[in-house]
Amino acid sequence: MLRFVVRRLLQLIPILLGVSILLFAFVRALPGGPAIALLGERATEESVERIETELGLDQPIYVQYGRYVRNLVQGDLGTSTRSRQPVLEELKQKFPATVELAFAAMLFAIILGIPLGFLAAKRYLGFLDNASLFVSLIGISFPVFFLALLLKYVFAIKLGWLPTVGRVDVTRSIEHPTNFYLLDAVLTRDWEGVVDVLKHLVLPAIALGTIPLAIVARITRAAVLDVLNEDYVRTARAKGLDPSVVDRRHVMRNAMLPVVTVIGLQTGLLLTGAVLTETVFAWPGMGSWMLEAIRFRDYAVIQGGILFFALLVSLTNLAVDVSYAYLNPKIRLSR
Amino acid sequence: MSEPLLSVTDLEVRFKSRRGTIHAVNGISFDLRAGETLGIVGESGCGKSVTSLAMLGILPRQAYPADGSVMFGGRDLLRLKDQEMREVRGKDIAMIFQDPMTSLNPILTIGRQLTESLRRHLKMDKETAREEAVSLLDRVGISDAGDRLRSYPHQFSGGMRQRVMIAMAISCRPKILIADEPTTALDVTIQAQILELLKRLVSEEQMALILITHDLGVVAGVCDRTNVMYAGGFVETGATESLFATPRHPYTAGLLDSVPRLDASGKQRLVPIPGTVKTLMEKPTSCAFAPRCMYAVDESRREVPPLREIAPGHHVACFNPVPESDLPQGAITEAR
Ligand SMILES: Nc1ncnc2c1ncn2[C@@H]1O[C@H](COP(=O)(O)OP(=O)(O)O)[C@@H](O)[C@H]1O
Ligand SMILES: [Mg+2]
């Protein structure tokens, strides 16, 4: 197992290198450039050239790339042309916000989706099954952006139950050893802070988690229906086991195999797809950061951010494969 | 004679389906005595598995609740509460299924699956159950039992898995063991070993055995009595020996004719019964076998023939039974 993980981690190196080359080329193929973005359309040719020389953009592209990779290996992602901050420092601020949101959204999807799918399968073609199909279809076809706005309007603006924007109340000062606010608040034993951070998480997490919720529920239902027809479930019932034991030990554990895969894929999508939700709730995460970077042709930030996404998604997939193997002895033991 | 251990009366099972109601089992009755071995034989689809699942109360969800009665220990199993029935299942009546490749849970160890009935029914603690599981695996002929407990089903061959299934079934010393085509999915050489094992265990434990098969060759060596089933009903029942010697129902005679024989010369080919079994969308109003039968008479097409005793302990459901002189000689001598 350990060897498998190490091998997969090593495979990441060529993958990330490939991604970085493509990125490097694509980013530079965008019309305009950081100099024009900073100086505006009417900048003089001179001042544009001056800035491009300053940024090293006058060099041949392979020279630029060589320098980029050399710095990358030393953990230097470059400097933002807009904020003049090291990209790595900004990344450390931004990615915990996105990961925290994606994680909360996924938790919401899993905690509701798995029991819902299970119950739908048990009541196959019954009211609950049809109702959950109906709700899932709505959930899947509802644009995230619109759902986010709707939730914000109803629960934050009209009812005022939950905050409208941000990760934490602006008047609250909490320490940020990790920038995962929930973790920060727990680490510093700031229980009021925990509540405040949770309140801020609820609406964005629901908005972002609704599609995965619908998908997880549908996949769970299908998987449970499959497993219920398996001979080994009949064997378990023939032993006289209690229905709850049959369901937990024999049905759910097997049904989780496909569900885990879907959860992993969805998590990858969530990480990269949080942009719209982040915009609605002014969530200071990767999404808004990337949008800004694209607008300002902030090459280093775009490259660093997307490379980091690629790493995150690859690691999520690895986690899926590991948990799949953990659940399935046939795979675990063949490694 | 003593009171039967199990007494099935007019058992009926129907399924809901998109095309209407399927009549899978249409009123079968039989008794099983303690320690007796009973064969139930019939072509695929005639309702053998459904019969056994109905007795255990584990019919698929498409089935209507079974009608009739299954008396066991003074109680009708079909009318027990779920919880009471779970006490019977796996403890008093245990079952082995056809396909050992799919009947074990792929993600639980053999040990876990073996010990769960022991812990459930005999309330053993973990350690005692483990020791018992080791001795059970020993008894069904699996060596290195201690190590094997930690294995998963995919690490076992088909024959070994069926041994594990047998160990699981006998673990709580049931009074009745139902084996539904226990050898059908196995290689010929393994089939014989598994049958031997079953025979030995049944006599050691003095369990009653219901052996379900589509293969007459299987019941011949194992069962005291045999019931031949066709389209959800019994067409002939009796002592295995007299059934083989003087099969009186045309269907039984036909089955015996189509038993493959190792010594068959080129001429004596397998003679299959022409035609196929139809799924019954209505309760039969005539002899279900009539369309395939060369002995059928007018009455066969008008009425359902009841089971009648034509010799002591030998019952036939037929208006025009095969005359003894017509019997295929090969089958008779073979069976003896
Ligand atoms: N789950 C089911 N749904 C609908 N019909 C079924 C189902 N299971 C069995 N049947 C019907 O019951 C009949 C008998 O099936 P079965 O007992 O499995 O036959 P066999 O004698 O081969 O074991 C089949 O012909 C089929 O039409
Ligand atoms: Mg069957």
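Quick caveat: nothing in here was measured; it's all calculated off a predicted structure. Letters A, B, ... are given to chains in the order of the sequence lines, protein chains preceding strands, and every chain is numbered from 1.
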Quick one: which of [options] has the most heavy-atom pairs under 4.5 Å with chain A, could you say?
| options | value |
| --- | --- |
| B:M101, B:H121, B:M165 | B:H121 |
| B:Q98, B:E87, B:M168, B:R86 | B:R86 |
| B:E116, B:Q155, B:R120 | B:E116 |
| B:S103, B:A169, B:C172 | B:S103 |

Counting heavy-atom pairs under 4.5 Å with chain B, the top scorer among A:V245, A:L241, A:N328, A:L327 is A:L241
Atom of A:P329, atom of B:P106 and distance for their closest heavy-atom approach: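 That would be CG-O, 3.3 Å.
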Is it the case that over 12 heavy atoms from other parts of the model lie below 6.0 angstrom from the [atom1] atom of [X]?
| X | atom1 | result |
| --- | --- | --- |
| B:K81 | NZ | no |
| B:E127 | CD | yes |
| B:R19 | CZ | no |
| A:F142 | CZ | yes |

- prompt: Taking C-beta and beyond as the side chain, do A:K330 and B:Y152 meet within less than 4.5 Å on heavy atoms?
  reply: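 Side-chain contact under 4.5 Å: no.
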Within residues 203-212 of chain A, the residues sitting under 4.5 Å from chain B by heavy atom, in sequence order, are none
Against chain B, residues from residues 213-240 of chain A with at least one heavy atom under 4.5 Å, in numeric order, are A:L225, A:L228, A:N229, A:D231, A:Y232, A:R234, A:T235, A:R237, A:A238, A:K239, A:G240
Could you check A:H250 against B:L108 for side-chain contact (heavy atoms from CB on, under 4.5 Å), going step by step and ending with a plain yes or no? CA-CA 8 Å; A:H250 293 274; B:L108 297 182; 3.6 Å; yes
The interface call for B:L59 against chain A, heavy-atom contacts under 4.5 Å, is backbone
